[in-house]
Amino acid sequence: MMDKVNVELTVNGEKYEVEVTAKERLLDTLRKQLKLTGTKEGCSVGECGACTVIVDDKAVNSCMVLTAQVDGSKIITVEGLESKRGLHPLQKAFIDNQAVQCGFCTPGMLMSALALLNENPDPSKEEIKTALEGNLCRCTGYQQIIDAVEAAAAEWGN
Amino acid sequence: MIDYQFIKANTAAEALKILADKNNVKIIAGGTDVLVELHKESRDLEMIDYLLDISGIEELKEIKIAEDKVEIGSLVTHSRLLKNKFFAENIPFLTAAAKDIGSTQIRNRGTVGGNVCNASPAADLFAPLLALESEVVLRSQKGKRNLKITDFIKGPYKTHIRNDELLEKVVFKIPAGEYYCNFQKIGRRKALNISRLCLAFLTVIEDGVIKKAHLVPGAATPYPTPFKKIDDYLEGKLLAEIDPAETGKMAADAMVEITGERWSTPYKRPALSKLAERALSCVKEEAGYDG
Amino acid sequence: MAFEYVNKGVKRVDAYEKVTGKAKFGADLEFADMVYAKVLRSEYPHAEIKAIDVSKAEKMPGVEGVYTADDIPNNLFGVIVQDQQVLAKDRVVLAGDGVAMVAAETEEQAAEALKKIEVEYKELPGIFDPVDARAEGVQKLHENKEDNQVIHHPLRKGDVKNGFEKADIILEREYKTQFIEHSYIEPEAVVAVPEDQNHLISIYGSIQNPYATRTAVAVVLNTNLSKVRVIQNHIGGSFGGKDEVVSAMAARAAVMALDLKKPVKMVNSREESITESYKRHPYQLKYKVGATKDGKLTAMEIEAVADSGGYACQTPFVTWRSVVQATGPYELENVKTDVYGYYTNNPYTGAMRGYGSPQVIFAQESLVDELAKELDISPLELRLKNIYRQNSITASGQKLDTHTVSLEEVIKKAVEKSNYKEKYLEYSKEQKGDIKKGIGLAVSFRGCSLGAEAIDAAASLIQINKDGSVAVYSGLAENGQGLKTIFSQITAEVLGITMKNIDYMEIDTTFTPDSGSTVASRATLVGGNSIKDAAQKLRATIDAFCADKFDLDLDDVDIREGFIYDGKGNRLATFEDIVGEMGNQGIMLSAYGWYKGPAISWDEEKGTGNPYFTYVYGCQIAEVEVDTGTGELSVTNMTAAHDVGRAINPANVKGQVYGGVVMGLGYGIMEEVEVNKGKIKNTNLDEYLIPTIKDMPEIEPIIVENPDPVGPFGAKSIGEPTLELGSAAIANAVAQASGRRIRSLPLNLERVLIGRALHKGGK
């Protein structure tokens with residue numbers, strides 16, 4: 001009985017029409033259908049945040065959303081950050097501040113940070129922590145990630 | 001095997017028609033509970049034939065604040081609840097409870113209606129909503145009915161919602177006059193927390209006398225229940241004369257009366273006692289009786 | 001000494017691909033005709049397998065093959081003891097043992113088919129406590145063993161009886177630590193590709209130790225090492241964790257891939273990962289210490305019992321590190337230590353960052369604080385009376401005279417930075433309210449690299465191309481810790497080129513000699529030396545060519561940032577031009593580097609010898625706020641001082657400190673794999689709690705540098721020391737704050753509030 005649903009998505013500015021099953025998560029569509037494997041799967045229960053993407057300006061866990069639910073949405077993934085002009089200030093800040101170790105949580109961290117800065121370009125340290133509280137990292141102890149977001153925010157202001 | 005048809009409703013009327021016409025329908029809103037069940041291949045999902053997506057129904061996403069009454073649409077997300085200035089200023093314990101739910105990502109998707117309908121013993125919103133004597137408005141094609149939230153909850157993870165009904169909104173009266181509220185929570189870490197225990201307290205004061213008191217612990221009992229015994233004890237007394245520590249102990253006793261001695265009681269008894277004590281102390285202080 | 005690249009916080013060489021999503025991890029790989037496989041695991045911790053019926057599974061849609069132990073050429077593997085089953089044959093010894101596997105066109109089809117496999121078990125009584133496992137006459141869990149003992153490491157020094165007689169005070173305490181999950185954010189993933197590039201099989205994936213995985217796969221397939229090629233991809237954290245469990249996964253995938261003649265991909269869900277992967281060893285520790293009334297230690301007697309779970313895995317070596325370090329960095333004339341490991345039907349235990357040190361440090365550093373309290377001496381003073389200094393003799397009889405013994409320096413720096421003395425006095429006074437503050441410290445010495453566990457050598461390969469670009473290969477693996485960057489810095493420094501010229505290649509067992517495993521915080525020290533060796537060989541060739549070409553003394557040839565200079569600073573040529581010319585003249589510009597650590601020794605009977613060729617020293621100080629009303633514990637500050645010899649990349653060292661401190665905090669206050677009768681109850685990250693960004697304390701890293709005579713540019717180790725001290729420092733701070741000494745980890749809500757843990761279903 002499992003039916004298919006046709007869905008239109010705008011991902012990183014590009015329009016896609018995909019056919020998904022009723023059980024397909026946004027995470028699966030991004031990784032398997034669109035081959036955007038930058039978005040990672042770490043727990044499948046909305047806990048680790050490695051699959052965080054931006055859906056209609058909000059950071060969400062793409063493992064917690066059925067693709068069929070977000071028909072017509074605008075989605076940003078980590079692949080959408082770098083442009084012809086080069087790396088996004090957040091990406092640069094992550095590199096400059098040694099905020100990357102194994103790199104598996106990095107795409108999700110970047111997405112949560114981007115959603116924050118889009119909404120609040122001058123966040124306090126506490127606001128940064130709240131924005132990233134749903135992104136687990138086992139390598140960095142988070143300090144250099146906070147440093148990076150603060151640096152990107154300062155750059156944002158200029 | 002989980003096998004269902006996905007149906008999207010764009011209006012409440014559409015959703016109600018589907019609920020009336022079809023059997024074995026499960027509603028999905030933000031998806032933060034349903035997707036976990038899907039991952040865990042829960043038995044409940046194996047029983048359904050249709051998954052009804054209501055997340056796009058705009059009319060259920062409103063927060064309406066009238067002079068004496070608040071209506072929270074069932075699809076209001078925790079993030080929106082959190083950002084609401086009126087709540088932050090006038091009903092801060094609701095904001096405090098919403099603040100600690102899951103993470104930013106979860107709060108961006110998870111909804112008030114989902115939290116209420118899932119009826120988890122540890123659902124943080126219940127405690128303040130119960131203390132506010134909230135009602136749920138359930139709608140079906142046959143009409144609507146209002147239920148007190150206490151009557152809506154049947155048990156752990158169980159409510160009295162009927163198969164053809166949609167939770168439209170949660171409503172409550174804005175407490176009048178001099179009132180105070182407080183929310184306390186204990187978790188095992190500082191974010192992405194399920195409450196080990198929480199507690200909401202709301203009281204209305206007239207001339208220093210407690211006119212009304214509602215003390216509602218969360219994750220203390222199999223499902224959220226107001227501790228009427230404590231409320232009765234408090235009501236009619238002078239707030240200034242209340243001994244928070246003593247009341248805390250009574251609240252802990254009341255919990256054990258409901259649950260019996262369980263494996264977790266040696267911890268929960270002193271901890272709940274302390275939460276109640278703190279809530280009362282905070283309220284007393286805010287009212288100017290301490291310090 | 002001034003450096004161009006070493007000792008600088010240069011950017012990571014692998015950061016670009018990681019911030020753009022271009023970095024491919026195991027689960028991101030795709031190959032033509034690839035199929036997907038899943039494993040059926042036992043729910044029973046101990047059971048006989050009576051029968052397995054796969055006939056229904058074979059008929060399920062999309063199924064390509066169903067496999068059991070009978071299909072595995074050689075079913076046993078293991079780095080130290082070959083007792084681990086690829087798939088359980090007659091008996092499962094832990095809940096999570098694989099019993100069968102399915103390959104299918106899609107992952108979902110494989111998962112559905114698994115449900116149709118019928119396994120008939122006969123449940124057997126299990127052993128779930130290592131102390132029970134040692135009882136006489138108890139059931140043997142591995143039939144070919146004499147008993148359930150995996151290992152016993154004794155250490156004897158002096159005469160403890162005599163030492164205790166000299167003591168004015170004797171303290172006996174018991175401590176306990178818990179199972180811990182590595183919680184790398186990337187669950188394990190491998191792809192096995194058959195008949196790939198002249199190999200029988202190629203393995204790609206999240207592999208911590210490619211050579212160990214290669215050996216395991218070759219053993220299981222009954223084939224030569226050269227037939228198996230292992231290529232590491234970007235790996236989403238490991239911390240010691242992606243070794244045996246990934247080897248088993250790779251071996252399974254390889255068996256199926258060879259049978260189907262198709263690439264086979266296996267990706268664990270988080271639940272599968274937590275269910276099947278090995279954990280940090282829980283220890284039960286008994287300590288007895290004697291001291292004079294002015295605080296000089298006279299004797300220490302220690303018994304530590306480690307739970308090895310169903311397999312030996314790394315238990316023999318993990319417990320060996322424990323026996324070397326069990327007394328802590330304290331001078332003692334009389335020591336008697338016995339460390340044991342036993343088989344049980346619990347999840348098996350293996351390597352995890354720290355490797356047998358966090359357990360003994362928690363015990364020994366708690367003990368020292370308890371002793372200080374009894375003696376009414378400050379914890380700091382008691383330590384300073386007893387710590388290792390230059391030329392101290394360790395418990396195993398090693399004289400610490402070949403490197404700078406910097407423990408006192410490290411302690412002093414941490415104490416000053418954290419304002420320990422003032423705070424200790426302040427928090428010792430009566431505190432009002434429910435929230436009590438406390439400060440606690442812990443110190444350690446740690447043997448660098450493998451020690452007497454195994455041959456300690458590593459290789460690397462550097463190739464200079466005619467255009468001046470350089471490819472670097474190492475036999476050790478980037479696991480997120482920053483090895484690629486460190487090795488690139490060393491290469492650039494020695495060759496005199498810029499980092500931009502260097503391409504760091506993924507580790508591939510085809511190109512570099514077996515360098516052992518990337519463990520024991522040995523990469524910078526041992527691997528770094530091998531890189532330096534290769535680079536120095538090439539540099540010597542280039543220097544000789546330039547001296548000849550420009551008619552200079554060899555000593556006057558200077559290469560910096562890609563230019564050749566004479567002794568007076570005149571620029572003579574570019575590096576590209578010179579190596580191009582050398583290439584055209586047929587001069588080889590590739591070199592292998594090799595480094596073998598200095599000699600070490602160990603007498604397994606007596607526990608004596610020089611187990612490690614150098615040591616690092618660390619001190620961490622924790623400040624906490626304890627809510628004595630609810631048991632909530634907030635670690636507000638951590639000061640972490642570590643002697644790293646020389647920081648090749650200080651920004652990277654800080655990253656290791658921050659990460660290790662937070663991981664140590666998790667170990668100390670919240671993490672615990674809850675195992676009930678052999679079964680894990682918390683199999684995902686919603687129930688197995690690791691620290692979030694909000695749990696992070698203010699961390700003050702202090703890098704102490706006393707260059708080591710052996711390390712590359714003086715560098716030693718940092719990865720593991722950072723994590724081993726936190727739990728003890730926190731427990732000591734909590735004891736000061738609340739007056740409650742907690743001797744079991746983790747210091748969760750219940751232990752902090754009521755002094756004991758509570759378990760569902762327990763009394």
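In what follows, every chain begins at residue 1, and chains take the letters A, B, ... in the order their sequences are listed.
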Are the side chain of [X] and the backbone N or O of [Y] linked by a donor-acceptor pair below 3.5 Å?
X	Y	answer
A:Y142	C:Y658	no
A:R138	C:M663	no
C:N684	A:C43	yes
C:K18	A:C102	yes
C:K11	A:Q98	no
C:R270	A:G42	yes
A:R31	C:A27	yes

[X] portion near chain A, given a 4.5 angstrom heavy-atom threshold:
X	value
C:V662	side chain
C:E107	side chain
C:S269	neither
C:V10	backbone
C:E108	side chain
C:F239	side chain
C:L685	both
C:E17	neither

**Q.** Check against side-chain contact (heavy atoms from CB on, under 4.5 Å), A:K40 and C:E186
**A.** CA-CA 8 Å; A:K40 304 299 180 198; C:E186 178 209 27; over 6 Å; no
Just wondering, more than 12 heavy atoms not from [X] lying within 6.0 Å of its [atom1]?
X	atom1	result
C:K681	NZ	yes
A:D57	CG	no
C:K24	NZ	yes
C:K654	NZ	no

Quick one: what part of [X] sits under 4.5 Å from any heavy atom of chain C, side chain, backbone, both or neither?
X	answer
A:K32	side chain
A:L110	side chain
A:S44	neither

Once you round to the nearest 0.5 Å, how far does [atom1] of [X] lie from [atom2] of [Y]?
X	Y	atom1	atom2	result
A:M109	C:I185	CE	CD1	8.0 Å
C:N652	A:Q101	CG	CD	6.5 Å
C:I693	A:I128	CD1	CD1	8.0 Å
C:M696	A:I146	CE	CD1	3.5 Å
C:T20	A:L87	OG1	CG	7.5 Å

With chain A, which of [options] has the greatest number of heavy-atom pairs at distances under 4.5 Å?
options	answer
C:A23, C:G666, C:P187	C:P187
C:D28, C:N649, C:T692	C:D28
C:R12, C:E478, C:Q656, C:Q481	C:R12
C:S238, C:G660, C:G21	C:G21
C:S183, C:G9, C:G237	C:S183

(Q) Could you tell me if A:T130 and C:K694 have a donor-acceptor pair between their side chains, going purely by distance under 3.5 Å? (A) yes
Q: Could you check if a side-chain atom of C:K22 sits within less than 4.5 angstrom of a side-chain atom of A:E82, using non-hydrogen atoms only?
A: yes
Considering only heavy atoms and a distance below 4.5 Å, find which of [options] pairs most often with chain C.
options	result
A:Q91, A:H88, A:E133	A:Q91
A:T39, A:V45, A:L81	A:V45
A:G38, A:C139, A:C105	A:C139

Q.
Looking at A:K35 and C:E30, is any side-chain nitrogen of the basic one under 4.0 Å from a carboxylate oxygen of the acidic one?
A. yes
